[in-house]
Amino acid sequence: MANFKIHLNPSAGDSDPNLVTNVLAGKLDLAYTKNIADVKALQDVEGITIETVNVRYTRLFYLNKFNKKDGTPSPLADVRVRQAIAYALDMESILQGVFDGAALPANSLTPDGPDKISGLNNYEYNPEKAKELLKEANWNPNTVLDVVYYYTDQATQDLMAIIQQYLAEVGIKMNARLVEGDLATILWKAPDDPVNGPSAVDWDMCYAANAALSLHEYYDRYQTGYSINSHTPSDPKLDELIAATNSSVDAEVQRQAFYELQKYENETLFALPLYYQPIFLIYRDKIEGLDRIGNPQFNYNWDIQNWKLK
């Protein structure tokens, strides 16, 4: 039987400003953070262990491929343009500079692990390939992509500025702007006609996050006519692949269906995954028996009944 009591100290959010102070003061034995500054402050503290936990939290660009309200085609309707954007971004360097290496480049909405198929194209940084694709797509260099975001932190502003610079190097102009207010309407209002549009929102790319409890939450929103599908016109092949992931309750059947969907996602880039943001689990060595590491935000078998405190 476990010989300890648990005192829960709820934090104000993902970035508890008192986390480091409380750990150093001995007031916390087990905690988690997404803040790399917390990790750096505690990584060399004697008696403290920090584990990186991959979670379903993906930052991405939603890509609006519907015709614009005036009927003109979306600048992102051509898959070659979407691929060019992916090749134009050196995500390894970007993440190192903005997040000090505390995020992982993404090649799918699905994070790394057994639920993701291997062999996906990583779209390694290749500006010459990006230029070739833009030339093939007859890209108009006077086009300015309207990029929106709703985070107010400095890291997001830095990220937008860096991405703007990388895209400019291959001949793509962009303007990044903060949106506030009724985000449900500004970002996610679906067009009346989910096949032909036109778009009901006024942006080309939206920088956002998807924190998914299941893989279905990553992909269902791209179906034709989905209530918050403001960005992806009807695609029969995509609809078929998404439907396959929902056709069975058998976990292995679902996994294989998601594998096929991930391959199509990786080829067509109906969205542009940018990076995965892991959680960092912090615990003190006074806890014995903490052998199973998982996502502390969700249920998993901690084997907490076998823990002991020194």
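Any value given below was found using the heavy atoms of this structure, including those in side chains, with hydrogens, waters and symmetry copies removed. A quick note: this is a predicted structure, and the numbers were derived from the prediction, not measured.
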Quick check for you: to the nearest 0.5 Å, what is the distance between L120 atom CG and E267 atom CD?
9.5 Å
Without hydrogens or angle criteria, can the side chains of Q256 and E260 be said to hold a donor-acceptor pair below 3.5 Å?
no
Is any side-chain N of the basic residue among D202 and K189 closer than 4.0 Å to the acidic one's carboxylate O?
no
Atom pair OG/OH of S118 and Y259 - distance to nearest 0.5 Å
7.5 Å
Do the side chains of V253 and L215 join up, straight or via other hydrophobic residues, at under 4.5 Å, putting them in one cluster?
no
Measure the shortest side-chain to side-chain distance between I282 and I48 over non-hydrogen atoms and say whether it is less than 4.5 angstrom.
yes
Quick test of your reading of the model: are K135 and E132 salt-bridged, counting only N-O distances below 4.0 Å?
no
Rounded at 0.5 Å granularity, tell me how far CD in E169 sits from OH in Y166.
7.0 Å
Before giving the answer on side-chain contact (heavy atoms from CB on, under 4.5 Å), spell out for Y219 and T245 the whole-Å C-alpha distance, their side-chain angles and the decisive distance to 0.1 Å.
CA-CA 9 Å; Y219 295 102; T245 68; 5.8 Å; no
Exercise: identify the closest heavy-atom pair between A103 and L95:
O-CD1, 3.8 Å
With respect to Q262, which candidate in T110, N107, D115 satisfies the side-chain hydrogen bond (donor to acceptor under 3.5 Å, both in side chains) definition?
T110
Enter the distance from M91:CE to I162:CD1 here, rounded to the nearest 0.5 Å.
9.5 Å
When you measure from the side chain of W302 to the backbone N and O of W307, does any donor-acceptor pair fall under 3.5 Å?
no
State which residue, out of T33, T49, V23, fulfils the side-chain contact (heavy atoms from CB on, under 4.5 Å) condition with L42.
V23
Main-chain N/O of K308 paired with E288 side-chain donor or acceptor, under 3.5 Å
no
Check whether K286 reaches the backbone of D29 with its side chain - one donor and one acceptor, N or O, closer than 3.5 Å.
no
Membership question, hydrophobic clusters at under 4.5 Å side-chain separation (ILVMFWY): are L178 and L159 in the same one?
yes
W188 ring center within less than 6.0 Å of Y62 ring center:
yes
May I ask you to say whether D70 pairs ionically with K68, meaning some side-chain N is under 4.0 Å from a carboxylate O?
no
Do Y87 and N121 pair up side chain to side chain, a donor and an acceptor below 3.5 Å, judged on atom types alone?
yes
Once you round to the nearest 0.5 Å, how far does CE of M205 lie from CD1 of I163?
7.0 Å
Nearest non-hydrogen partners of K173 and P141, listed with the distance:
CE-O, 3.4 Å
Honestly curious: do L63 and I186 fall in one hydrophobic cluster under the side-chain, below-4.5 Å linking rule?
yes
Test item: L290 and L30 side chains (from C-beta on) under 4.5 Å apart, heavy atoms
yes
Less than 4.5 Å apart, any side-chain heavy atom of L187 and any of V148?
yes
Do L134 and I172 touch side chain to side chain, with heavy atoms closer than 4.5 Å?
yes
CD/E92: more than 12 non-hydrogen atoms of other groups inside 6.0 Å:
no
Transitively linked via ILVMFWY side-chain contacts under 4.5 Å: Y276 with L269?
no
Sub-3.5 Å donor-acceptor pair from the side chain of R292 to the main-chain atoms of D303, do we have one?
no
Do Y283 and I293 touch side chain to side chain, with heavy atoms closer than 4.5 Å?
yes
Measuring centre to centre across the rings, with the benzene-like ring taken for any Trp, is Y218 within less than 6.0 Å of F258?
no
As a quick check of understanding, evaluate side-chain contact (heavy atoms from CB on, under 4.5 Å) for L272 and Y123, giving each step before the final call.
CA-CA 11 Å; L272 181 58; Y123 289 94; over 6 Å; no
Test side-chain contact (heavy atoms from CB on, under 4.5 Å) on N196 and N67; report intermediate values, then the result.
CA-CA 8 Å; N196 302 305; N67 288 344; over 6 Å; no
Flag yes if I228 and W203 sit in one hydrophobic cluster, no otherwise; membership is Ile, Leu, Val, Met, Phe, Trp, Tyr, and two members link when side-chain heavy atoms are under 4.5 Å apart.
yes
Of all heavy-atom pairs between V170 and A88, which one has the smallest distance, and what is that distance?
CG2-CB, 3.8 Å
Quick one: closest heavy-atom pair of N54 and P278, and the distance?
OD1-CB, 4.4 Å
Is there a side-chain contact between T156 and Y150 in this structure, where contact means two heavy atoms from C-beta onward sitting under 4.5 Å apart?
no
Could you tell me whether a side-chain N or O of D90 sits under 3.5 Å from a main-chain N or O of Y125, the two making a donor and an acceptor?
no
More than 12 heavy atoms of other residues, nucleotides or ligands under 6.0 Å from CG of D250: yes or no?
yes
For the pair D239 (side chain) and T224 (backbone), establish whether a donor and an acceptor sit closer than 3.5 Å, ignoring hydrogens and angles.
yes
Of all heavy-atom pairs between V53 and L281, which one has the smallest distance, and what is that distance?
CG2-CB, 4.2 Å
Consider ring pair (Phe, Tyr, Trp, His ring centres under 6.0 Å). Of F66, Y222, Y226, which one does H231 pass it with?
Y222
Donor-acceptor under 3.5 Å (D78 side chain, R80 main chain):
yes
Do N18 and T21 have side-chain atoms, one donor and one acceptor, less than 3.5 Å apart?
no
Is R284 reaching over with its side chain to a backbone N or O of L28, donor-acceptor style, under 3.5 angstrom?
yes
Let me confirm one number: the CD1-CZ distance from I117 to R255, rounded to the nearest 0.5 Å.
12.0 Å
Using side-chain heavy atoms (C-beta onward) and a distance below 4.5 Å, is E265 in contact with F270?
yes
Tell me whether D204 contacts the main-chain N or O of D146 through its side chain, where contact means a donor paired with an acceptor under 3.5 Å.
yes
Hey, can you tell me if Y207 and F61 have their rings parallel, tilted or perpendicular (30° and 60° cut-offs)?
perpendicular
Run the side-chain contact (heavy atoms from CB on, under 4.5 Å) check on K129 and Q83 step by step: do they pass?
CA-CA 9 Å; K129 178 68 172 177; Q83 292 171 340; over 6 Å; no
For P191 against N229, the heavy-atom pair lying closest together:
CD-O, 3.6 Å
Just so I know, are the side chains of R82 and K65 near enough to count as touching, which here means a heavy-atom distance under 4.5 Å?
yes
